[in-house]
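See below for the structure under consideration.
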Amino acid sequence: MLEQLQTCGIEVYSVIMEEDGGSLLFKYPVSDFLLTVSGLVFFLLDVGLAAWAVVSFYQEEDYVFMGLLVFLLLGSSALVQAFSCLWYHYDKDGTETRTESLVKNLCSLKILHLFQMGVYLRYAGVVRISICGFCCGKRYMDGDAVYLTHDLSLLRLIEAFSESTPQLVLMITIIVQRGEVEPITILKALGSASAIAVSVTMYHRSLRSFLPDKAKQGWFSSVVYFLWNLLLIGPRVAAVALLASAFPCFITAHFLSSWMVLFFFAWRLKTDFMDSAGGEWLYRATIGLIWYFSWFNVIKGDTRCQSTLYHTWIGVDIGMLCGLWVWQMKKNPPYLELPLDPYVILGIMISFYIVGLGLKVIYYKYSHPKIT
């Protein structure tokens, strides 16, 4: 028995199961379970580090950066909880895990999401089903775990681009403005960018794991996928941060104008991911936010034209942002000496992006999983 889902323009099937008298036996790989648990650990670690950063800004009496960080944290959390609550509402007549049934008997899911606890509920449901699936041989109807795992991975992807990526922009901006461009700070920024690329890679792996008619993504293919995402996301984030360090007010106008254009294109693509009109508009607005930093496929079929147009536009935009920053550095040299000449930094940013595009082409030509 196959149950087809239309998810982000990709056909996801709840197979990884066996039909037996109308029941579906869920089989959950141990590796996926470990990834889910590690995701929860890193999610909690991220919450702790964010709280520590807010306290640090407060102690330094840097209230502007503290306010920006709090705004990013609250905004991202509200967005993620909104999607989680909407998906629970859409599935209110469907099957549910015992963990969610218990919560529904105790209090409203809306209240739980209001207190920003919806993601933890989803983690609890996935972990419980995973343990029962590969330890107890439990049978679940309609592939509950498939829905929960996919929803959770998509929520983590939204969180990565609504919280982690803007935080990285803020961190690089502070580093440049304070002249703290040192090897350790560069490594921290690289680590943060790598974490974002890992989130994108893990989401892609989770999708392909539920595609019975597609080859599963091996670890070598995942590494190549991670690398080209890192090389494309890194220069984009750095370019935005460099402009923000030189023109703090202009970057807001740049984001809003770019987001409106991207939101318009998401609307023109006529996405139909959500089950309500309001939810679909929220989804399109979120796609515009993700596209501001990275390409994300939202339609079925061949998207090479859309992807080429997007990367061309982002590449030109990176050049313009870095060019404005170089012009400002030459016109009004900073009081702190930069480790590299601004023109060299401009060349590095553009070179990394071009290499990332080349690696992406190589990936889809030679490393993308295919059934032979």
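Computed from a predicted structure; not experimentally measured.
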Modelled atom types, side-chain donor and acceptor of [X] and [Y], under 3.5 Å:
X: Q116; Y: S77; value: yes
X: R122; Y: S84; value: yes
X: E280; Y: T271; value: yes

Quiz prompt | Pair Y292 and W259, ring centroids less than 6.0 Å apart | solution = no
Interatomic distance, [X] atom [atom1] to [Y] atom [atom2] [nearest 0.5 angstrom]:
X: L242; Y: I251; atom1: CG; atom2: CD1; value: 10.0 Å
X: T185; Y: M171; atom1: OG1; atom2: CE; value: 8.0 Å
X: W228; Y: I362; atom1: CH2; atom2: CD1; value: 12.5 Å
X: Y203; Y: F296; atom1: OH; atom2: CZ; value: 4.0 Å
X: L289; Y: S258; atom1: CG; atom2: OG; value: 11.5 Å
X: L86; Y: D275; atom1: CG; atom2: CG; value: 9.5 Å

Quiz item: Got L232 and I314 here, is their nearest side-chain heavy-atom distance under 4.5 Å?
Solution: no
Practice problem: Measure the shortest side-chain to side-chain distance between L231 and Y353 over non-hydrogen atoms and say whether it is less than 4.5 angstrom. | Solution: no
Do [X] and [Y] sit in the same hydrophobic cluster, where Ile, Leu, Val, Met, Phe, Trp and Tyr count as joined when their side-chain heavy atoms come under 4.5 Å apart?
X: W52; Y: L168; value: no
X: F255; Y: I172; value: yes
X: F71; Y: M66; value: no
X: L73; Y: I196; value: no
X: Y364; Y: L309; value: no

Quiz item: Looking at residues at least two apart in the chain, or sitting in another chain, which of them share a salt bridge (Lys or Arg N to Asp or Glu O under 4.0 Å) with R268?
Solution: none
Name the orientation class of the two ring planes belonging to [X] and [Y] (parallel below 30°, tilted from 30 to 60°, perpendicular beyond 60°).
X: F263; Y: W281; value: tilted
X: F83; Y: W87; value: tilted
X: Y225; Y: H204; value: parallel

Quiz item: When you look at F265 and Q306, which way does the side chain to side chain contact (heavy atoms under 4.5 Å, CB included) test go after all the steps?
Solution: CA-CA 10 Å; F265 276 101; Q306 292 90 337; over 6 Å; no
Practice problem: Give a yes/no verdict on a cation-pi contact between R284 and F264, requiring under 6.0 Å between NZ or CZ and the six-membered ring centre and an angle within 45° of the axis. | Solution: no
Quiz item: So does K330 pair up with D341, basic N to acidic O under 4.0 Å?
Solution: yes
Quiz prompt | Qualifying residues under side chain to side chain donor-acceptor pair (under 3.5 Å), relative to Q81, sequence neighbours excluded | solution = none
Self-check item: Under the ring pair (Phe, Tyr, Trp, His ring centres under 6.0 Å) test, residues paired with F352 that sit two or more places apart
Solution: none
Quiz item: ring-ring contact (aromatic ring centres under 6.0 Å, His included) between H113 and Y88: does it pass, once the steps are laid out?
Solution: CA-CA 10 Å; H113 284 82; Y88 274 129; 5.6 Å; yes
